[in-house]
Protein chains: 2
Amino acid sequence: MERVTIRTVAAESGVSPATVSRVLNRPERVEAHTRAKVIAAMERLGFQPSALAQGLSRKVTQAIGVLVPGLVDFFFPEWYESVSRAAERSGRRLLLFDAKHSAQRTEEGFAFLAAHRVDGILFCSRPIDPYLPLIRRLNVPVVLALTQSARDPVTAFKVDDVKAMFDAVAYLISRGHEQIALISGPPQDSIAGTTRLQGYRQALRHFRLPLRTEWIGYGGFRFEDGYRAMQELLSAAVRPAFTAVVAASDEMALGAIRCLHDQGLRVPEDLSVMGFDDLRLARMTTPTLTTVAQPFAEIGERATEALIAAIDAGEKYTTGGIHYLPHRIVQRESVLPQGVSTQGALTPTANEGSES
Amino acid sequence: MERVTIRTVAAESGVSPATVSRVLNRPERVEAHTRAKVIAAMERLGFQPSALAQGLSRKVTQAIGVLVPGLVDFFFPEWYESVSRAAERSGRRLLLFDAKHSAQRTEEGFAFLAAHRVDGILFCSRPIDPYLPLIRRLNVPVVLALTQSARDPVTAFKVDDVKAMFDAVAYLISRGHEQIALISGPPQDSIAGTTRLQGYRQALRHFRLPLRTEWIGYGGFRFEDGYRAMQELLSAAVRPAFTAVVAASDEMALGAIRCLHDQGLRVPEDLSVMGFDDLRLARMTTPTLTTVAQPFAEIGERATEALIAAIDAGEKYTTGGIHYLPHRIVQRESVLPQGVSTQGALTPTANEGSES
DNA sequence: TTGTACGCGTTATCAC
DNA sequence: GTGATAACGCGTACAA
């Protein structure tokens, strides 16, 4: 029971290795009878062509590498799904590497994908700029998804984070909220951290609302971060002076909601909470999450298609620049108009001027 | 700017290709001076050894294939994380294939992994039995995780689903519940469907409680399935006659909770709900989920280690049989003792005999 | 210690 | 239409 190769099949079917190869790649150039004979032998032997040898001989692997920050992030599957579909539509496979939110592992990821000679790379970790020189040497086209470069025109697909957060705050304001807190991403994160913070600031300025730094919390996008940030925002007073909170991720929004619950505050009756992402998760909780939706599927699809186009064009690097894809506000249950009493038998909201 | 290979480096550093290869694989067998020279050249040229050529030349790829049913399943990252760690501990990489809950894609997955000459395969889709003949021909060791074979001693790691559900029901009974409904997995699913149903039945019989088929709903483990199943369970009467519901997955439990919420019933005050899995998700909702925890991390780790052991031993198939890893009940908020009033300022539970 | 030559499994370029 | 033969990039006896 040894390894069955193209020449095993050749021997078995009484033809040359070259013919077996032809049956695999250009079946029309081999006589029907011979072809049938070879195919029969392949099945009989359970022959499976080696992708390694193929990739070595052809100069392409038909594989595209995907370098993600972390598989545990809830957004990943929603994005990856569309990438996978787009890749398969063009007959390519994906090689996934999980950087686990580590810079070192990100570099290892590039090395891994380069070693496996992928035809192109989809990158969706932030930040990207430190890896630009590395990418250049790779001699393989790279397209960015959910992230962007500040100083390089690499092709990228994402939402306009500044505008998205601006719109989130504007939405809350349109619902009567004027005291709005923010749970931001990390200040070091120039992609989804500072940008969304900036959007928050711009919105406040635009609507002439005061900016209070004590109403801004920070966290690493996870549930626990949202919980902790909310705790800190609350610590100033038992009754918060703000009426709404926007978080930079759905997970953090859920953490915030849980924190409020533990403090005896109800969402949205006592306080409105808004998320960011619109994960599948956002519809699975009570209350369901009002949030700004990132078009994960579209981002994945567009990015993959752009990468494939670059590959097919033989480009060694992309220069398409940033493509902002439209976000949208999804209204669900976690935000209530301010100053309007709820329809149920609940006590009217009264969370101003009591303590601070 | 052409492809830089082992002989490019050789030329650049004035040695033979063999020496470059040695620097890569047996650095100690090359003089320090030469080594430094070669390494310098490698860095200068940005040399990256081809994993394809390496895999072809050695007979192993140091890669292990992972065939999963669906990346979108919430349990996946929790399991994969530990697999990844175990694999890297032995210096191997993972090749992931997402079968997307399709039988056809599962076969494609085996073909894909075989083509890439992985040294072993971790399989965690159900069912497995249809693929056993295929696996045999692969000539590569396969270990099962989260699933098992009915008629083959392939090594497998999972929880004892019958006992786990038995314990879940026993727990509810210990909390005073005697009317317990079930949201089961699909009756066609012999791994996580019928087994857990069987555990439910055994528990009822053991505690001499009547089995009511109208208290059993079915679904495909997803949120929406849980919602729909709950609707059906509820349809008999406005006020359900049961006081607790166990679901075969956390997701379905959340769906059930949401359904109850939409019907104006509170969890756990009016009805207790218990999940199955203990996903990260289970701590992110309100109420948090009382559930039976699967040891995902341990399953992933043990399975991976077993596979690596088989690989190192040169085995072409595994015969370790099923290893049941211990589950445990995690008490959180979604289950309340029956007949005991809650501690808060909530109205006492009264969900019997009012309507039906 | 270092270099030469062959094999790994496949494709591609030739002749036949 | 089919069959030798030379790459593809690397590892490894074997010889030097």
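Predicted model only: the values in this text are computed from it and were never measured. Proteins get letters first, then strands, A, B, ... in listed order; numbering begins at 1 in each.
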So, does the side chain of B:Arg22 form a donor-acceptor pair with the base of C:dG3 at under 3.5 Å? yes
Nearest whole angstrom, please: distance from the P of C:dG9 to the CZ of B:Arg58. 16 Å
Length of the line joining B:Gln62:CD and D:dC10:C1', which is rounded to integer Å: 15 Å
I'd like to know if B:Arg44 and B:Glu12 make a salt bridge, using a cut-off of under 4.0 Å between side-chain N and carboxylate O. yes
Yes or no on ring-ring contact (aromatic ring centres under 6.0 Å, His included) for B:Tyr80 and B:Phe296, after CA distance, side-chain angles and deciding distance? CA-CA 9 Å; B:Tyr80 187 81; B:Phe296 289 110; over 10 Å; no
With a non-hydrogen cut-off below 4.0 angstrom, is B:Val15 in contact with a base, only sugar-phosphate, or nothing? sugar-phosphate
Quiz item: cation-pi between A:Arg280 and A:Phe74, 6.0 Å / 45°: no
Between the main-chain N or O of B:Thr318 and the side-chain N or O of B:Thr155, is there a donor-acceptor pair closer than 3.5 Å? no
Let me spell it out: for each of B:Val30 and B:Leu56, pick the nucleotide of DNA chain C with the closest heavy atom. Which residue's pick is nearer the 5' end? B:Val30
Check every strand shown and say whether A:Pro17 touches a base, only sugar-phosphate, or nothing at a heavy-atom separation below 4.0 Å. nothing
Evaluate A:Phe110 against A:Phe97 for ring-ring contact (aromatic ring centres under 6.0 Å, His included), listing each step before the verdict. CA-CA 9 Å; A:Phe110 279 115; A:Phe97 191 91; 9.2 Å; no
Ignoring hydrogens and angles, answer whether the base of D:dG9 and the side-chain atoms of B:Ser57 contain a donor-acceptor pair closer than 3.5 Å. no
It should be established whether A:Ser16 places a side-chain nitrogen or oxygen under 4.0 Å from OP1 or OP2 of nucleotide D:dG3. yes
Need one value for A:Arg35: base, sugar-phosphate or nothing, where a base atom within 4.0 Å counts as base even if backbone is also close, heavy atoms only. nothing
Can a cation-pi geometry be assigned to B:Arg126 and B:Tyr131, taking NZ or CZ under 6.0 Å from the six-membered ring centre and within 45° of the ring axis? no
So, is A:Gln54 close to the C:dG9 phosphate, meaning a side-chain N or O under 4.0 Å from OP1 or OP2? no
Comparing nearest nucleotides in DNA chain D, the 5'-proximal residue of the pair A:Glu28, A:Arg7 is A:Glu28
Here the distance between atom P of C:dT13 and atom CZ of A:Arg29, to the nearest Å, is 10 Å
Return the 5'-most residue of the pair B:Gly14, B:Ala53 with respect to DNA chain C, ranking by each residue's nearest nucleotide. B:Gly14
Secondary structure string for DNA chain C (Watson-Crick or G-U under 3.5 angstrom, | for other-strand pairs): ||||||||||||||||
